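Report on the structure given below.
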Amino acid sequence: MPLARARNAAAKAISDALTEQFGLQGTEVHLEVPPNRAMGDLAWPGALPLARVLRRSPQQIAQAVAESASWPEEVVRTEVAGPGFLNLYLHRGLMLRSLLLAELDLVELQDDKVIVEHTNINPNKAAHIGHLRNAVLGDDLVRCLCHLGHTVEIQNYVDDTGVQVADVVVGMLFLPEIDLAQALGVEPGRRDELIRHLIASMPGDVVPPPSGGDFDDLCWQVYPLVTSRYASDPEFAARRPEVLHALEGGHQQLDLEEAVFTLERAVLSDSDYPPRAVARFAAAIADANLRCHLATMARLGISYDLLPHESDILHLGFWQRAFELLGDREAIRLEEQGKNAGCWVMSLAGSAEFADMDDPDKILVRSNGTVTYTGKDIAYQLWKLGLLRDTDGSRHDFGYRPYIHWRTAGPAAPVRYEALAGNVLARTTSDPTNYIYGRDYGCARRVYNVIDVRQSYPQKVVKEAVRVLGHEAAADASIHFAYEMVALTPAAVSVIEEQSGASFGLDEEELGKSYVEMSGRRGIGVKADDFLDVLVIQAEDAVRARSGDDVAESDAGERARAIAVGALRYLMARQSRNRVLAFDFDEALAFEGDTGPYLQYSAVRANKIFAKLAERRGEGMVEDDEAEALADEVIPDDLWELVLECARRRDIVSQAVEGLEFSLLAQHAHGLAQLFHKLYHSHPVVPEEDAGLRRLRRAVFTLFAREVRVILEELLGIPVPREM
RNA sequence: GCGCCCGUGGCUCAGUUGGAUAGAGCGUCAGACUCCGGAUCUGAAGGUCGCGCGUUCGAAUCGCGCCGGGCGCACCA
């Protein structure tokens, strides 16, 4: 990290000069990178606030520091400018040399573990583009944390016993056969045949390659029918709590085939469905959807370490233990009267954040004895922090077993799921004696929960619960990574309605707004796989238009996939997280300008230079021995600008993680690509006959080619195709 | 009602410990050499940073008050 070294050395020089000249001890010196190179490479604005204290003009102070400081070798020139900035100019050759020497890029490994929980899609329907925002932001965070030397555990929480899964089960078991058959896209038939059809479309023990009409797409069709029928049919609506209760009861070791057989018999004899069979059926639906979600995310190079299941939290008594801990601290109480009578509530009145609320109590256990989602989430959070402990001090833990294995061909390549080889993706089990050798899950120093901003309130409650249990530091380390939702522009809604031939029945008011909220319950949304498919098709058209028909089929497909992923991931990263992303097809399908493909193109072009260089001149990228010789090189302004930008990666990544704002990183990447594209035209390499000039350009472009690959592939998960 | 978020050229957005001349992209207009690929580049036009008051050497950024929009404040998740 040559820039950090130069910065620290310069800061120390300034601090020492302040002591020597003005007797100031231990002044904090922050050096920033000024807006343009005419103002230097690093700048110290600290003379301005010191003016009052020292009763001298800022220019005088800056001048005194500039003249008396013993500057490190990295600083070659100083200048006092504007109202009193002290601008520093770096030794360009030295910086370029250091940046090219790869071993200087190593990071210290951090001695902690960080958990990032993301994706968390309800396993009752296909993923939509809103879920993609969650997963991409979560994955970007994971990549940046790893880059900074952290050990990261990625969790994708599976709510397999919630109302949403129950709703699809209700639909399969109780919707009129006619409606059901239509939703499933088959000829009307008996219910047991429809159930069989659904089971047959499940992916089994594999993670399937996504295509149209997958299992999760069928559920996507069924789900809105259920929710709309609840409103009109009370008898139907009464099925929901029945099914939910069955799910919570579990299905101990019941075989799926046996469960389906049981359901069939119930259909034929017109008798009630046995709860255990219903629960087993629901578990199969949740699992099948989960595998579809994994497949969708795999396309984007997103993977996980652990799949915690809500059913296991339930069966292993996580909540009971959390309840005891909260009870010991008297953080919860049983409400005897009022509107919350019969409920266990946690009072939030004690914390400033909730003090102004009308009702500062949050219900954790309902009057019927069941626990709310927030209650379960508190237990889960405590477990993540290693704080869910039994009375003997041992950790109250899950059981674990390998769920599937996976591997990738590179940092931004698609994830390939396989049976036995590669990295382990584990899932929790309800048998705490199950474990995976050498693996220890949970128990992190810091926890990021990537969740939609609309869940800020329950997330605050969870954090507060950790705090009232006396774990101040752990509460502070419980971070809600909140982001705004993805909505649809009215134009996007029209496109979907036109293509699907369906109408979402939006009223005047909704259509008048600048965007429409997506809703799985209403079936309003752009499915993630569908959108990716469209992107791939568009990208492939563009590839063929440029390269002609001589591109091999598989090669064009490969490039198109990379471009589609690049466009999508960049789109998600570049918008700041607390702004609603109003999805528009035209904008999302753009491949020119401030887009992923623009960045990819810069990387491809840079690589192309070196390919041609090897071919025509037998020269390659600048290696360490050549880099040594560059320290004395005179580097012109325009090339230097790119060199300095390349030096800033670590700073930018730290800042992005600190503020959970990956638009900073996206913008940095875009800036780099822009500088490169400009230089590409003004500084040709291959045709340049002057060997010295050619070496310098090679050096700068070597730096860029490496840098852009790291930022795109490692940090943003955007693949760099071989050609475009 | 209380809380959080958003308001920046025609459109979509950056601008994060307050820093120097507010940046991109799209769109519009005018251009790019027998030269490593034109998904690129050069140039032009386009801004009361919602409004007001304040803090500061300095405010798009911090504080207060308005205006407009969104989202929360469930025995849903």
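Quantities reported herein were computed from a predicted structural model and do not represent experimental measurements. Below, all heavy atoms of this structure are taken into account, side chains as well, without hydrogens, waters or symmetry copies. In what follows, chains carry the letters A, B, and so on, assigned in the order in which the sequence lines appear, proteins first and then strands, with residues in each chain numbered from 1.
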* Under-3.5 Å donor-acceptor pair between H30(A) side chain and U17(B) base -> yes
Say you pick atom [atom1] in [N] and the same atom in [M]; how far apart are they, in whole Å?
N: C33(B); M: G47(B); atom1: P; value: 32 Å
N: G9(B); M: G1(B); atom1: C1'; value: 38 Å
N: G50(B); M: C11(B); atom1: P; value: 14 Å
N: C62(B); M: C57(B); atom1: C1'; value: 16 Å
N: A74(B); M: C67(B); atom1: P; value: 25 Å
N: G43(B); M: G3(B); atom1: P; value: 49 Å
N: U12(B); M: A30(B); atom1: C1'; value: 24 Å
N: C4(B); M: G63(B); atom1: P; value: 10 Å

* To do: Could you check whether F85(A) and the base of A20(B) form a stacked pair, meaning centres closer than 5.5 Å and planes differing by less than 30°?
  => yes
Phosphate oxygens OP1/OP2 of [N]: is one of them under 4.0 Å from a side-chain N or O of [X]?
X: Q667(A); N: G25(B); result: no
X: T372(A); N: A74(B); result: no
X: Y598(A); N: C41(B); result: yes

* Asked: Separation of Y570(A) atom OH from U12(B) atom C1', in whole Å?
  -> 13 Å
* Asked: Hey, which of these two, N578(A) or N87(A), hits RNA chain B nearer its 5' end, going by closest nucleotide?
  -> N578(A)
* Structure fact -> Of H677(A) and R577(A), the one whose nearest nucleotide on RNA chain B sits closer to the 5' end is R577(A)
* Could E723(A) and K608(A) be called an ion pair, given the rule that one side-chain N must be under 4.0 Å from one carboxylate O? -> yes
Looking for any heavy atom pair under 4.0 Å, which part of the strands does [X] touch: base, sugar-phosphate only, or nothing?
X: F591(A); answer: base
X: S576(A); answer: sugar-phosphate
X: E723(A); answer: base
X: I563(A); answer: base
X: P58(A); answer: nothing
X: H670(A); answer: sugar-phosphate
X: S367(A); answer: base

* Asked: Just checking, is any N or O donor in the side chain of Q459(A) or N449(A) under 3.5 Å from an acceptor N or O on the other one?
  -> yes
* Cationic tip of R133(A) within the cone over Y483(A)'s six-membered ring, i.e. under 6.0 Å and within 45° of the normal? -> no
